[in-house]
Amino acid sequence: MALRDYAPELLAAALFPLLWWQGRRTRRITLRLPIAAGQPFGLAGPHDANRTLRVLGIGESPMAGVGVAHYEDSLCGRFAALLAQQQNCQVHWQVLAENGARLEAASSWLQQLPASHTDAVDIILLSFGVNDTTALTPVAAYRRQMAALLQQLQARWPAAQILISGVPKLAEFPALPAPLRQVLGYKAASLDRVVAELVACSLQTSPQLCHVAMPVMRDKRCMAIDGYHPSAVGAALWAEQLLTMYVGKHKNLCS
């Protein structure tokens, strides 16, 4: 690992008293939002469509719909709706997510998931990193956990395309004060970079993998009222980014 991978931890150690105080204060005053209402699964697109796709979303609070009113407005729900419209097909979608989850939890979720719940999956959306950022998960551990999860997913659904969302840019979160925002931003970037490198190294043997950069969300409407999670507008923008990459990747795989 390069020195830059450890820079956030070194900076955090140097600023520890201030960052510790800011972290405690931020947790105390930040509004706590619930997960989205409704069921973590659904159907998008026309019922009489000739083609059906199945989407599985796995992740932390944005995937669980924290910040939006209903699961249909969550990242996976919006992706499914956009996919159905773009491909003129029916899309079955399901979410495995938990508010506050870290990447290491995903493996156990899959082990507990009955095969009948997801007999076939065409597209898998992965969205992690915020909680691993705030926990300062070492980049080596994060890379190892992501590699193990990808191996598990590919063993279960070898034909599925896997879209790995970039780690959200914590440096742009309104709820975080400076310099906590900047330190966590550096950490988020280091986790995102190690996943991008992992995917790049795996493309020859696993062309269905894709790392998707996070969209820029500087518009205040993209953030929920807590200043920490994406709103319905932000989730839609994020879903559009994932769909754009999926369409391009799908064309490449089929060409």
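Below, each value reflects all heavy atoms present in this structure, side chains not excepted, and no hydrogens, waters or symmetry copies.
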Which residues pass the salt bridge (charged side-chain N to carboxylate O under 4.0 Å, His left out) test with Glu9, not counting sequence neighbours?
Lys187

Any chance the side chains of [X] and [Y] put a donor and an acceptor closer than 3.5 Å?
{"X": "Glu60", "Y": "Ser127", "answer": "no"}
{"X": "Gln90", "Y": "His92", "answer": "yes"}
{"X": "Ser61", "Y": "His229", "answer": "yes"}

Starting at [atom1] of [X], measure out to [atom2] of [Y] and round the result to the nearest 0.5 Å.
{"X": "Glu240", "Y": "Met245", "atom1": "CD", "atom2": "CE", "result": "14.0 Å"}
{"X": "Leu149", "Y": "Gln145", "atom1": "CG", "atom2": "CD", "result": "9.5 Å"}
{"X": "Leu153", "Y": "Gln208", "atom1": "CG", "atom2": "CD", "result": "10.5 Å"}
{"X": "Asn88", "Y": "Asn50", "atom1": "CG", "atom2": "CG", "result": "8.0 Å"}
{"X": "Tyr142", "Y": "Glu104", "atom1": "OH", "atom2": "CD", "result": "11.0 Å"}
{"X": "Cys76", "Y": "Ile124", "atom1": "SG", "atom2": "CD1", "result": "11.0 Å"}

ring-ring contact (aromatic ring centres under 6.0 Å, His included) contacts in which one or both residues fall within residues 187-213, not counting sequence neighbours:
none

Is the count of non-hydrogen atoms from other residues, nucleotides or ligands lying under 6.0 Å from Gln152 atom CD greater than 12?
yes

With a cut-off of 6.0 Å (strictly less than), are more than 12 heavy atoms of other residues, nucleotides or ligands near CD of Gln86?
yes

Does the side chain of [X] reach to within under 4.5 Å of the side chain of [Y], using non-hydrogen atoms?
{"X": "Cys210", "Y": "Tyr246", "result": "no"}
{"X": "Arg143", "Y": "Val139", "result": "no"}
{"X": "Pro177", "Y": "Gln22", "result": "yes"}
{"X": "Leu184", "Y": "Gln182", "result": "no"}
{"X": "Val68", "Y": "Leu75", "result": "no"}

Heavy-atom closest pair, residues [X] and [Y]:
{"X": "Arg27", "Y": "Arg32", "value": "O-NH2, 2.9 Å"}
{"X": "Leu125", "Y": "Met63", "value": "O-CE, 3.7 Å"}
{"X": "Gly129", "Y": "Thr133", "value": "O-OG1, 2.6 Å"}
{"X": "Ile35", "Y": "Tyr71", "value": "CD1-OH, 4.2 Å"}

Any residue meeting ring pair (Phe, Tyr, Trp, His ring centres under 6.0 Å) with Tyr228, in chain and number order, not counting sequence neighbours:
Phe173

Within the distance-only criterion (no hydrogens, no angle test), does the side chain of Asn131 pair as donor or acceptor with the backbone N or O of Ala101 below 3.5 angstrom?
yes

For the backbone of Leu209 and the side chain of Ser206, can you confirm whether one donor and one acceptor N or O come within less than 3.5 Å of each other?
no

Please assess Asp132 against Arg102 for the test salt bridge (charged side-chain N to carboxylate O under 4.0 Å, His left out), listing each intermediate value before the final yes or no.
CA-CA 6 Å; Asp132 282 284; Arg102 291 164 62 179; 3.5 Å; yes

When you group the ILVMFWY residues by side-chain heavy-atom contacts below 4.5 Å and let the links chain together, are Phe128 and Tyr186 in the same group?
no

Name the one of Val183, Leu180, Leu176 that satisfies side-chain contact (heavy atoms from CB on, under 4.5 Å) with Leu170?
Leu176

